[in-house]
S.K.: 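One structure is given below, represented as structure tokens, and several questions about it will come after.
Naming: A, B, ... by sequence-line order, numbering from 1 per chain. The figures here come from the full heavy-atom set of this structure, side chains too, leaving out hydrogens, waters and symmetry mates.
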Number of protein chains: 4
Amino acid sequence: MEKVASEKIIVEAALKVFSTKGFAEARMADIAKEANLSYGLIYHYFENKEKLFDAIVENWWKTFYDELEMLKKSASATKEKLVEIIKFMMNAYTATPSQMSIFVAEVSRGFIYHSSPRGKDKFRKLFNLCEDIIREGQVRGTLRADIQSNYLTYVFLGAIDTFLSVMILGNETLSKTREKRIIESLTTVFLHGAEAEAEH
Amino acid sequence: MEKVASEKIIVEAALKVFSTKGFAEARMADIAKEANLSYGLIYHYFENKEKLFDAIVENWWKTFYDELEMLKKSASATKEKLVEIIKFMMNAYTATPSQMSIFVAEVSRGFIYHSSPRGKDKFRKLFNLCEDIIREGQVRGTLRADIQSNYLTYVFLGAIDTFLSVMILGNETLSKTREKRIIESLTTVFLHGAEAEAEH
Amino acid sequence: MEKVASEKIIVEAALKVFSTKGFAEARMADIAKEANLSYGLIYHYFENKEKLFDAIVENWWKTFYDELEMLKKSASATKEKLVEIIKFMMNAYTATPSQMSIFVAEVSRGFIYHSSPRGKDKFRKLFNLCEDIIREGQVRGTLRADIQSNYLTYVFLGAIDTFLSVMILGNETLSKTREKRIIESLTTVFLHGAEAEAEH
Amino acid sequence: MEKVASEKIIVEAALKVFSTKGFAEARMADIAKEANLSYGLIYHYFENKEKLFDAIVENWWKTFYDELEMLKKSASATKEKLVEIIKFMMNAYTATPSQMSIFVAEVSRGFIYHSSPRGKDKFRKLFNLCEDIIREGQVRGTLRADIQSNYLTYVFLGAIDTFLSVMILGNETLSKTREKRIIESLTTVFLHGAEAEAEH
DNA sequence: AATGAATGAGACTTCATTCAT
DNA sequence: TATGAATGAAGTCTCATTCAT
């Protein structure tokens, strides 16, 4: 078999196993079995379990950064950008739920345990990119400026994160209709609040 | 030493170790050393590592449920109730940051893996309690009814969760002033949205 | 069983296995089996295979240094001291052939591979101690001064080393008579040379 | 590439790796990398790691035997022969230090383990050849006969071995002057002893 | 002749848990 | 109640060797 094929199969298998059992409970043997390859081969391509995991995560971060970076630079209105972020996350979930699951469960968790300072930096970068967009919205007068930009960011990202968590938890598939409703709900609540119109 | 004392010391130590390294990386030996007790003794009080962890988590959940339960039944206005939830979480963080850290990292992230089906149920219960309060707010006309109650719940809890995550990540202490500002921000955004007033 | 007992048993077993198979071929399982203990216990006392090996070697070096140090300081004549060194080595072989075997085979070998600079230092220390005694002999006029002291040391130690190697190789036991003959031979050749008297 | 070329490259690489890390720590992959060849190719030429090692050692032994054999048969005086042996070893070190390093570390130390009974035989043969020359010296009246011929052999070979060990350890290069001095010292001490002339 | 992907036995090591004291 | 020595299942990883190309 060619090199590229096997490596991809391994990554695919690892993705599945990691997302199902979590990093700690995932066994290299599980991954090998899932990939239908000897586990020796995994070490041919990846130094060890952690490096294999990192490779997967790294890949995810790259895609994510690229998207945010692009959005940040785009000429769209702030609201558009926020919607795009949500869309991107939802699509990512639909396309590769395992990857999203790892992201939500392992990466967020992992960065809390200050084991890897790199992890923290990754997160900060993500936060910062998002915050930049939100701050831009404040400057433009689209978003309220009486609340710190980082606080707004927390609410925004936290909301998305929880939606994803729930979807992952329920192993839910995302119909176009449902995706649309989620995006609308999220946007509406984030922008206009949860309070009933009447009270305004 | 008396029974109660040792048991408490163990729990305290476990709390610290679990919150620092996470469940998977926490070693019974670490806990014993932290507690300055032999690790044989841990097994006097707790059947095994998981039970020890559960004991800690259980304790936390109980406090949380009780609070939510109480809030749910209280006669307060919905807004009050929501503020109380936030307050409760922030206070919990201030009082026992390790417990909060475990909650956020292990429970609110780790529950994704089907390994502990109990975890899921706990979470659903929490969601449900919170959703009940929110649904009540919708019925009462305080909260908008055009968005599913569970969606509103996700945004609300997700926002809190992320605030906590960031605080845990930064190992931040929470001054009264800061707590107040966070509560206000969270409430404001959740209720009135992030959009600039001008646009209304 | 008490702590000290088990640790000693492990060391004893390790000594046997290492001396029989060499470090590389020695299996932790072999040692455990030889000690009639679970291999987990070995790790209770020693961090890993290398540390276990080091502990054994360290112990040997200490005994050896102490002896040489003592000899160096003693008021004996140089010849006496040299005889004592030989005696010490022969006795060490008789008392603990495995230890001697490890010393000759593994330590001498290991120090060639510059893996552990500590190893080199140990050897240098040994050489130096011996050289000090020999230099003292030169100063006193007992040993010829027209040959570098280190060269004399090499011949002296090399000769002993080879005697030991041969004994280990043949798994020989050392009768008092034989020991005496070896000491005499070694001393005679080293001091007076191998040339036939006639030629003097 | 032609057959002979590759085989030679492999042997050369193996020589380097074995001499640097020792047999146990040498990896087939290291050798392949050193040779700039795939490791599959090594197995074209050598059955396995041990055979590869043996091939190298065998080659060395053969040269050595041939030399000793020739010397043994030569009409030279005993002293001449001994000097020739020393010279041969020193030259061998200068010409191929790696080979010498392997010889000293792996063969002359490693033969202790019964793992390779062939090793023992080789050594005995070497000893015997050398002893033959020494015994001849005793018969001729050149060397003292009151000490067992094998004992004399041990001292002689041991001294050389240690000189080599020290040189290998120090990664020393051997100038002609230094070589001469070593040969002289070794010969002098071996023949006339280390005792000061005055005492005779 | 040459490659390097693929294999898998087997080594080391970890660590939750038991148990004699 | 308390200790920590003892256990061994189970995991990670290594690396000589094979084999399809």
S.K.: What is the separation between atom CG on Asn36(D) and atom P on dA1(E), rounded to the nearest whole Å?
M.R.: 19 Å
S.K.: Starting at atom CD1 of Ile10(D), determine the distance to atom P of dA2(E), rounded to an integer number of angstrom.
M.R.: 8 Å
S.K.: In terms of side-chain heavy atoms of Ser6(C), which of dT17(F), dT13(E), dA5(F) is nearest?
M.R.: dA5(F)
S.K.: Please figure out whether Leu41(B) or Lys49(A) has its closest DNA chain F nucleotide nearer the 5' end.
M.R.: Leu41(B)
S.K.: Does dG8(F) have a Watson-Crick or wobble mate here (both distances under 3.5 Å), and if so which one?
M.R.: dC15(E)
S.K.: For Glu58(D) and Lys51(D), indicate whether the former's side chain and the latter's backbone hold a donor-acceptor pair under 3.5 Å.
M.R.: no
S.K.: Please check if the distance between the ring centroids of Trp60(D) and Tyr65(D) is under 6.0 Å.
M.R.: no
S.K.: Using a heavy-atom cut-off of under 4.0 Å over every strand shown, decide if Ala32(C) touches base, sugar-phosphate, or nothing.
M.R.: nothing
S.K.: Return the 5'-most residue of the pair Tyr43(C), Gly40(A) with respect to DNA chain E, ranking by each residue's nearest nucleotide.
M.R.: Gly40(A)
S.K.: Could you state the CD-P distance from Glu7(B) to dA2(F), rounded to the nearest angstrom?
M.R.: 11 Å
S.K.: Are Lys21(D) and Glu25(D) ion-paired here, with the side-chain N under 4.0 Å from a carboxylate O?
M.R.: no
S.K.: Write down the distance between OH (Tyr39(B)) and P (dT14(E)), rounded to a whole number of angstrom.
M.R.: 14 Å
S.K.: Is the closest side-chain heavy-atom distance between Thr20(B) and Asp30(B) below 4.5 Å?
M.R.: no
S.K.: Under a 4.5 Å cut-off applied to non-hydrogen side-chain atoms, are Lys49(C) and Arg27(C) in contact?
M.R.: yes
S.K.: Tell me the interatomic distance from Phe23(C), atom CZ, to dC12(E), atom P, rounded to whole angstroms.
M.R.: 9 Å
S.K.: How long is the line joining NE2 of His44(A) and P of dG4(E), in whole Å?
M.R.: 9 Å
S.K.: Just compare dA16(E), dA9(E), dA16(F) and give me whichever is closest to any side-chain atom of Met28(D).
M.R.: dA16(F)
S.K.: Just name whichever nucleotide pairs with dA20(F), Watson-Crick or G-U, keeping both distances under 3.5 Å, else none.
M.R.: dT3(E)
S.K.: Closer than 4.0 Å, any side-chain N/O of Arg27(A) to the OP1 or OP2 of dT12(F)?
M.R.: yes
S.K.: What is the distance from CD1 of Ile9(C) to C1' of dA6(F), rounded to the nearest Å?
M.R.: 12 Å
S.K.: For Ala26(B), answer base if it contacts any base atom (sugar-phosphate contacts may also be present), sugar-phosphate if it contacts only those atoms, and nothing otherwise; contact means non-hydrogen atoms under 4.0 Å.
M.R.: sugar-phosphate
S.K.: Could you state the CG-P distance from Leu52(B) to dT17(E), rounded to the nearest angstrom?
M.R.: 10 Å
S.K.: I want to verify a distance call: between dC13(F), dC12(E), dG4(E), whose nearest atom is closest to the Ser38(D) side chain?
M.R.: dG4(E)
S.K.: On DNA chain E, does the nearest nucleotide to Ile42(A) precede the nearest nucleotide to Ile42(D) from the 5' side, or the other way round? Give the residue.
M.R.: Ile42(D)
S.K.: From the set dA5(E), dA9(E), dT7(E), return the single nucleotide nearest to any side-chain atom of Tyr45(A).
M.R.: dA5(E)
